[in-house]
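Structure, as structure tokens:
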2 protein chains.
Amino acid sequence: MSSSRTPPTIYDVAEKAGVSIATVSRMLNSPDKVGPKTRDRILAAIDQLGFVPKAEARARALSRTGRIGVITPFFTAPSFVQRLRGIASALGKASREMVIYPVESYSQLGSYFGSIPLTGNLDGLVVVSLPVSDIAARRLNSFNIPTVLIEYSHPTLNCVEIDDFEGGHMAAEYLIRKGHKRIAFLANPDIPEYAVATLTRRFTGFHQALIEAGIELPESYVRYASSDQEQIYQATADLLSQAQPPTAIFAALDFHAANVLKAARRLNVCVPDQLAIVGFDDLDIAEYADLTTIRQHLDESGRLAVEILLAHIADPGRPVQHVKLPLTLVERLTA
Amino acid sequence: MSSSRTPPTIYDVAEKAGVSIATVSRMLNSPDKVGPKTRDRILAAIDQLGFVPKAEARARALSRTGRIGVITPFFTAPSFVQRLRGIASALGKASREMVIYPVESYSQLGSYFGSIPLTGNLDGLVVVSLPVSDIAARRLNSFNIPTVLIEYSHPTLNCVEIDDFEGGHMAAEYLIRKGHKRIAFLANPDIPEYAVATLTRRFTGFHQALIEAGIELPESYVRYASSDQEQIYQATADLLSQAQPPTAIFAALDFHAANVLKAARRLNVCVPDQLAIVGFDDLDIAEYADLTTIRQHLDESGRLAVEILLAHIADPGRPVQHVKLPLTLVERLTA
DNA sequence: CACTTCTATGGAAGCGTTTCCATAAATAAA
DNA sequence: TTTATTTATGGAAACGCTTCCATAGAAGTG
């Protein structure tokens with residue numbers, strides 16, 4: 001029966017083994033520097049006591065924590081989760097702990113950047129899909145906190161970027177190649193202030209492709225609807241009830257695309273014959289709905305970010321790295 | 001321009017303010033015990049230096065960390081995410097950090113229980129939807145790690161349980177009340193070894209309700225299909241191609257329910273007229289698919305777990321608590 | 001005004017490790 | 001054998017903070 005006392009310390013082990021704490025510590029960190037007999041005795045003591053070195057104490061003495069902070073929007077959206085998954089997996093392999101700092105508001109984000117990096121005693125920081133101000137970046141740099149940004153770019157910090165422009169471009173190109181000339185755009189208007197201008201870039205890329213192909217984009221073809229079934233239905237209905245309705249819709253978010261599809265069904269519009277739909281992100285809902293979409297390698301982005309981060313922790317001198325992750329078009333049934 | 005030196009310590013502040021470190025510390029932890037003039041001077045010094053107390057050092061001296069560990073299956077499934085969300089939110093409000101330990105395999109789970117509680121120096125632990133062995137429970141208890149289990153029960157640990165039996169029962173009752181007499185059951189067979197026997201309980205409750213209503217459950221009405229669109233389609237098709245096909249299907253997982261719905265469409269079976277479908281969990285996909293389902297208060301479960309945990313951290317003497325969270329039936333379009 | 005009670009402060013001991021330095025013992029080289 | 005190396009070990013400082021204890025001075029009491 002293990003005692004219900006406080007956990008044993010290195011002193012207990014040392015005493016039990018009849019050596020000094022220094023030797024125990026050495027045994028723990030570089031076993032080959034300890035005599036075999038002593039080693040065995042210490043090992044035995046450790047086992048008997050069920051000793052486990054305390055991370056905090058270790059961290060203080062070592063001045064590194066084995067802990068990586070992850071600042072992320074409140075993770076309800078699957079796309080964040082996917083990224084986190086990638087991060088978690090990579091971190092686990094490197095046997096680092098992951099501390100999550102969910103962000104719910106812009107001011108909270110600010111205060112995080114103010115305090116976390118120092119107070120949290122983290123070895124490094126991953127920031128997911130969140131804008132980083134110059135001030136924050138300067139703080140991070142001046143306190144030497146290795147940092148990697150995902151889906152946002154800052155010149156003085158490492159970044160894993162998504163080529164949203166290219167993604168929008170791809171979507172449009174694909175639709176154009178399929179013969180569409182009347183292509184609409186749908187996205188979320190209420191980008192929370194603290195998030196990233198991703199959608200705008202997707203739109204720009206999309207628009208650019210149309211221009212290159214000499215295709216008009218009437219203002220009435222650009223719609224915004226919040227993440228709400230009914231609103232998206234309304235937007236779709238509006239779009240389709242025009243005199244010259246679009247034959248394709250590029251929804252800059254899978255959630256929207258899925259609901260456009262649903263709306264189309266409700267309106268008895270046949271997909272993809274009468275209406276093609278392309279989404280963005282390749283969430284699980286996209287698979288469920290058989291959505292043609294632009295796939296982001298979400299978990300890959302997380303994994304990559306961690307890799308870069310660890311490299312920079314190991315070698316702080318390393319120059320800032322900016323990586324752009326490629327996108328793929330996943331062809332399913334809606335376009 | 002902030003210096004790029006190492007972060008200032010309490011000593012720097014003390015020196016700059018011309019006081020002892022004790023006073024600075026006191027000022028930080030109980031400002032009212034420090035004279036107003038001194039306070040101002042210290043405050044000024046802190047501001048100038050941009051001093052932030054280091055968490056590790058603090059933790060060691062305080063022997064608490066402000067950090068809560070969360071052991072959870074690798075969070076890809078939305079239901080886990082929802083729970084985490086609840087946990088994160090509650091933790092944030094209590095200004096505790098959340099350290100995530102994703103579990104990918106059974107052996108990993110074991111080793112976590114072996115090491116995390118001690119090495120991680122956590123104030124407490126939340127275990128999400130994972131079985132805890134007696135050995136692990138004993139460890140946790142003997143090392144005095146306050147712990148709360150979600151969706152699993154152990155006599156010596158705090159638990160937030162889900163009444164899966166009741167959920168299955170509700171689903172069946174609802175269907176029976178709607179006049180169905182031929183009701184099938186569909187679930188996932190490949191419960192990963194490290195997860196919880198949730199589905200079995202859902203089935204038992206379901207079955208019990210049928211028995212109470214004097215309704216037969218032919219063996220051919222009980223199907224298992226892995227989380228794969230095609231398999232679920234196959235299972236559904238099999239189910240419906242029987243001589244006496246069921247008029248309703250209770251899928252113990254929303255994912256399955258959603259895909260049954262999809263299969264029904266493909267098979268030209270009208271839902272809910274020819275086939276009623278009830279799911280379980282109320283994931284976002286359930287809303288998208290307009291699924292009638294049994295709702296778990298997933299984020300509530302997380303929030304509650306944290307509450308219990310914090311209470312037990314504050315007062316370790318408190319007796320073990322077992323809470324059962326209620327379920328609700330959400331009536332949508334599929335049944 | 002002498003004496004007690006607070007209050008603000010500093011000194012110093014811990015918290016549990018790591019690690020540098022010194023020393024004693026063991027081994028190798030001469 | 002004597003001296004030079006190497007190896008195993010212990011002592012002790014350091015990491016940055018909290019907190020107990022002691023003290024000096026301020027405030028309050030009769």
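Just so we're on the same page: letters track the sequence lines, and every chain starts at 1. All of these numbers come straight from a predicted model, not from anything done at the bench.
- When the C1' atom of C:dT7 is taken as reference, atom CG of B:Asp32 falls 12 Å away, rounded to whole Å.
- In this structure, B:Met27 places its CE atom 11 Å from P of C:dT9, rounding to the nearest Å.
- The neighbour count for B:Gln321 CD, taken as heavy atoms of other residues, nucleotides or ligands under 6.0 Å away, is above 12.
- Each of B:Phe51 and A:Arg39 was assigned the nucleotide of DNA chain D with the nearest heavy atom; the assignment lying further toward the 5' end belongs to A:Arg39.
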Dump the intermediate steps for salt bridge (charged side-chain N to carboxylate O under 4.0 Å, His left out) on A:Asp123 and A:Arg96, then the final yes or no.
CA-CA 9 Å; A:Asp123 290 350; A:Arg96 307 281 186 141; 3.2 Å; yes

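- Among the nucleotides C:dT17, D:dT19, C:dT18, the one closest to the side chain of A:Ser25 is C:dT18.
- Two residues are said to be in side-chain contact when any heavy atoms from C-beta on lie closer than 4.5 Å; B:Leu157 and B:Asn141 meet this criterion.
- Ranking C:dT18, D:dT9, C:dG10 by closeness to the A:Thr38 side chain, first place goes to D:dT9.
- Side-chain contact between B:Thr23 and B:Arg26 is present, with heavy atoms from C-beta onward closer than 4.5 Å.
- As a whole-Å value, the separation of A:Arg26 CZ from D:dG10 P is 8 Å.
- Taking 4.0 angstrom as the limit, B:Arg58 places a side-chain polar atom (N or O) nearer than this to OP1 or OP2 of D:dT18.
- Of all the residues in residues 10-20 of chain B, B:Gly18, B:Val19, B:Ser20 reach under 4.0 Å from DNA chain C with at least one non-hydrogen atom.
- When each of D:dT18, C:dT19, C:dG11 is scored by its nearest atom to the side-chain atoms of B:Asn29, the top-ranked nucleotide is D:dT18.
- When the C1' atom of D:dT18 is taken as reference, atom NZ of B:Lys54 falls 15 Å away, rounded to whole Å.
- Looking only at side-chain heavy atoms (C-beta outward), A:Thr65 and A:Glu97 stay at 4.5 Å or farther from each other.
- An OP1 or OP2 oxygen of D:dA8 is reached within less than 4.0 angstrom by no side-chain nitrogen or oxygen of A:Lys33.
- In this structure, a donor-acceptor pair under 3.5 Å is present between the side chains of A:His312 and A:Asn158.
- When each of C:dT18, C:dT9, D:dT9 is scored by its nearest atom to the side-chain atoms of A:Ile21, the top-ranked nucleotide is C:dT18.
- B:Glu161 and B:Tyr152 are not linked by any side-chain donor-acceptor pair at a separation below 3.5 angstrom, with hydrogens and angles left out of the test.
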